[in-house]
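The block underneath contains the structure these notes are about, expressed in structure tokens.
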Amino acid sequence: MKYTLVKEIFQEPQAYLTQKVAVAGWIRTVRSSKELGFIELNDGSFFKNLQVVFEASLPNFEEVGKLTIASSIEVQGTLVESPGAKQPVELKAESIEIVGLAENDYPLQKKRHSFEFLRTIAHLRPRTNTFFAVFKVRSLLAFAIHKFFQERGFIYVHTPIITGSDAEGAGEMFRVTTLELGNPPRDEQGKIDFNQDFFAKETNLTVSGQLEVETHCMAFRKVYTFGPTFRAENSNTARHASEFWMIEPEIAFADLSQDMDLAEDMVKYIFQYVMEQAPEEMEFFNTWIDKTLFQRLENVIHSNFERITYSQAIELLKKADQKFEFPLEWGRDLQTEHERYLTEKLFGKPVFVTDYPKAIKAFYMRVNDDDKTVAAMDLLVPGVGEIIGGSQREERYEMLKNRIIDLGLNLQDYWWYLDLRRYGTVPHAGFGLGFERAIMYVTGMENIRDVTPFPRTPRNAEF
RNA sequence: UCCGGAGUAGCUCAAUGGCAGAGCGGGUGGCUGUUAACCACUAGGUUGGGGGUUCAAGUCCCUCCUCCGGAGCCA
């Protein structure tokens with residue numbers, strides 16, 4: 001059977017009018033009376049449903065009238081203009097074959113459900129309008145990211161998921177082992193003998209591909225990673241997940257300002273792409289999820305992002321006509337309330353905050369000439385907060401080595417990372433974009449669990 | 001992990017310490033153009049678990065669990 005896709009019908013309704021077509025999909029709603037009934041059919045190809053009209057002349061009219069939501073059917077009929085106001089065309093059924101009847105305890109109703117409830121049925125929620133739209137946008141956004149980098153000559157690098165060092169310093173890690181948990185082998189001191197583990201050393205799931213991707217940056221000049229990362233933090237917020245995807249570009253012969261240019265270009269490009277490629281889904285978000293969405297995204301696409309230093313941010317916050325719970329003092333990290341004030345109230349658009357005190361930032365960030373700050377940047381956006389964190393990397397061998405020692409890290413763990421500074425080092429920079437946070441921003445969804453197909457958070461890995 | 005809130009029918013929510021309810025969904029019947037269709041009838045409960053106070057607990061107390069929001073950590 002050759003099926004016409006609902007998407008094709010909606011894109012060119014005139015071409016299909018009066019034509020015989022066959023469609024196959026799932027029932028979203030049924031309404032029927034004695035001699036007439038309506039089915040809204042979604043076939044997965046398009047956000048909107050096709051209305052199917054069926055009449056008592058169908059041999060299985062009664063059976064069709066009793067079909068349950070989610071049942072799958074195949075319909076053959078003629079496409080006609082619809083007298084109803086809500087759809088341009090409809091399919092007048094000549095035959096309806098029931099492919100798979102849904103049992104009557106299907107939990108999704110024809111009304112709004114709470115996102116909390118839908119999380120408990122993650123296997124069924126893609127069939128709702130909201131999640132259908134979210135995961136469509138997720139796919140488009142991923143493609144847009146590849147498109148952006150590929151068009152600019154970036155090489156896509158697959159950095160490892162299992163990492164051999166716990167030295168990346170970006171948070172608690174998940175251990176990877178084949179040792180028997182109840183009875184692990186011990187060495188002479190009674191400590192667990194990881195020599196006998198699968199990799200003959202301690203291994204974990206990666207928390208960032210950055211250190212590894214820098215190696216390829218020194219060969220390909222412009223590179224990026226895009227893959228899953230894992231944090232075993234006991235974080236319980238709407239913005240944190242234990243497993244999430246991250247995009248980490250790295251550019252050689254570049255400084256922090258070029259890094260920010262890249263981040264700004266990328267954000268604008270991928271948002272624009274989704275607006276163009278998913279108009280129905282975006283319209284839905286703007287109507288039902290966040291009425292200021294279009295306004296906000298247009299603002300991002302067309303404005304120049306603000307760029308201020310951390311020191312300037314502290315000054316601005318001290319002058320703010322708002323009381324903060326946490327004190328402002330040079331050297332302390334900015335709190336969520338401070339970041340929100342800057343990006344939401346003061347500037348009302350994305351803001352780069354740069355040149356943070358070196359004491360609160362990672363070892364690999366390049367120390368500025370003042371010896372107090374590092375060439376780091378965070379991109380703050382209204383509603384979501386920090387969406388990107390990046391920096392120019394310390395390319396000077398001695399400086400990097402001293403930073404590692406000063407921070408009490410084990411020099412041995414970084415031997416290959418330091419080698420990059422011994423063999424043809426160059427200034428370079430990069431950043432990490434939280435993929436789910438980008439989806440949240442572009443859809444207006446407020447919880448990371450609702451933009452991740454199968455979210456992993458503390459105490460939650462059901463699906 | 002800390003602070004706050006919540007947990008009652010499949011879902012969304014009511015119920016002054018005194019008979020556990022409604023709307024939606026399900027079932028049955030009706031209805032010729034519906035749009036979260038409509039109308040009538042009907043079934044459906046270990047009030048998150050455990051303990052306590054009381055003549056009497058969904059309601060008050062203790063404890064544990066789970067979820068939500070905020071914070072910290074970060075992307």
Side-chain angles (χ1 to χ4, degrees), chain A residues 28-40 48-49 51-57 61 65-66 68-70 80-87 90 92 102-121 124 128-129 168-172 207-210 228-248 263 288 324-326 333-340 360-362 378-381 384-390 431-441 446-450 452 457-460 462:
Chain A
R28 285 287 179 83
T29 86
V30 198
R31 298 176 285 275
S32 70
S33 55
K34 195 174 173 187
E35 302 193 19
L36 176 75
F38 302 90
I39 291 171
E40 284 191 43
K48 293 179 176 171
N49 305 317
Q51 174 160 288
V52 175
V53 186
F54 59 100
E55 293 180 343
S57 53
F61 175 80
K66 288 181 179 175
T68 42
I69 296 176
V80 297
E81 280 188 37
S82 177
K86 297 206 172 175
Q87 60 280 326
E90 63 191 21
K92 192 166 170 351
E103 294 184 23
N104 65 15
D105 60 351
Y106 181 67
L108 291 171
Q109 299 176 22
K110 293 186 255 190
K111 64 163 196 172
R112 268 187 90 95
H113 287 289
S114 67
F115 291 146
E116 282 171 54
F117 170 64
L118 292 171
R119 277 172 217 152
T120 69
I121 49 169
L124 300 175
T128 64
N129 286 334
E168 292 163 18
E172 292 295 311
V207 292
S208 161
Q210 185 209 315
T229 47
F230 307 86
R231 307 268 167 97
E233 301 287 352
N234 191 11
S235 291
N236 292 289
T237 83
R239 291 180 300 282
H240 290 84
S242 313
E243 174 182 305
F244 63 100
W245 284 56
M246 198 155 54
I247 296 102
E248 296 175 286
W288 297 103
F324 296 112
E325 192 188 338
F326 291 90
D333 208 354
L334 297 179
Q335 303 293 313
T336 298
E337 56 173 347
H338 304 140
E339 296 180 343
R340 289 179 71 112
I360 58 173
K361 287 291 182 182
D378 284 354
L379 177 61
L380 313 176
V381 294
V384 174
E386 186 183 338
I387 197 170
I388 282 177
F431 63 82
L433 166 72
F435 183 51
E436 282 78 7
R437 289 188 183 175
I439 303 169
M440 289 166 75
Y441 193 74
E446 289 179 338
N447 197 308
I448 196 167
R449 299 170 182 91
D450 297 328
T452 308
T457 51
R459 297 179 297 280
N460 179 19
E462 176 68 19

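Chain A is the first sequence line, chain B the second, and so forth, proteins listed ahead of strands; every chain is numbered from 1.
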(request) Between U34(B), U12(B), C74(B), spot the one nearest the side chain of Asp333(A), thanks. (result) C74(B)

(message) Heavy atoms only, 4.0 Å cut-off, all strands: where does Ala438(A) land among base, sugar-phosphate and nothing?
(response) nothing

(message) Ignoring hydrogens, what is the shortest heavy-atom contact between Glu172(A) and Val207(A)? Give both atom names and the distance.
(response) O-CG1, 4.1 Å

(message) By nearest atom, which of the nucleotides A75(B), U32(B), A71(B) is closest to the Phe326(A) side chain?
(response) A71(B)

(request) Answer with yes or no whether Gln87(A) presents, from its side chain, a donor or acceptor under 3.5 Å of a partner atom in the base of U34(B). (result) yes

(request) Determine, using ring centers only, whether Phe324(A) and His338(A) are less than 6.0 Å apart. (result) yes

(request) Can you check whether any acceptor in the base of A75(B) is under 3.5 Å from a donor in the side chain of Arg231(A), or vice versa? (result) yes

(request) Would you indicate which nucleotide in U35(B), C11(B), A75(B) comes nearest to any side-chain atom of His240(A)? (result) A75(B)

(request) Kindly write out the residues that satisfy side chain to side chain contact (heavy atoms under 4.5 Å, CB included) with Val30(A), not counting sequence neighbours, or none if the list is empty. (result) Ile27(A), Ile39(A), Phe54(A)

(request) Find the distance Arg239(A):CZ to C74(B):P and express it as a whole number of Å. (result) 13 Å

(message) If you only use heavy atoms from C-beta on, which nucleotide in A75(B), A36(B), A71(B) is closest to the side chain of Lys86(A)?
(response) A36(B)

(request) Among C68(B), A71(B), C31(B), find the nucleotide with the atom closest to the side chain of Asn447(A). (result) C68(B)

(request) Compare the minimum distances between each of U66(B), U35(B), C68(B) and the side chain of Arg459(A), then state the nucleotide with the smallest one. (result) U66(B)

(message) So that I can compare with my own list, what are the stems of RNA chain B, taken as at least three consecutive Watson-Crick or G-U pairs with distances under 3.5 Å?
(response) B:1-7 with B:65-71, B:10-13 with B:21-24, B:26-30 with B:38-42, B:48-52 with B:60-64

(message) Of the listed nucleotides (G72(B), U32(B), C24(B)), which one gets closest to any side-chain atom of Lys34(A)?
(response) U32(B)

(message) Categorize Gly84(A) for me: base, sugar-phosphate, or nothing, with a 4.0 angstrom heavy-atom threshold over every strand shown.
(response) base

(request) Kindly indicate whether the side chain of Ile69(A), heavy atoms from C-beta on, has any atom under 4.5 Å from the side chain of Lys110(A). (result) yes

(message) Tell me whether the count of non-hydrogen atoms from other residues, nucleotides or ligands lying under 6.0 Å of CD in Glu337(A) goes above 12.
(response) yes

(request) For Gln51(A), answer base if it contacts any base atom (sugar-phosphate contacts may also be present), sugar-phosphate if it contacts only those atoms, and nothing otherwise; contact means non-hydrogen atoms under 4.0 Å. (result) base

(message) Closest approach to the side chain of Glu386(A), judged atom by atom: which nucleotide of A75(B), U34(B), G72(B) is it?
(response) A75(B)

(message) Among A75(B), G29(B), U35(B), which nucleotide has an atom closest to any side-chain atom of Phe244(A)?
(response) A75(B)

(request) Kindly point out which of C74(B), U35(B), U32(B) is positioned nearest to the side chain of Glu35(A)? (result) U32(B)

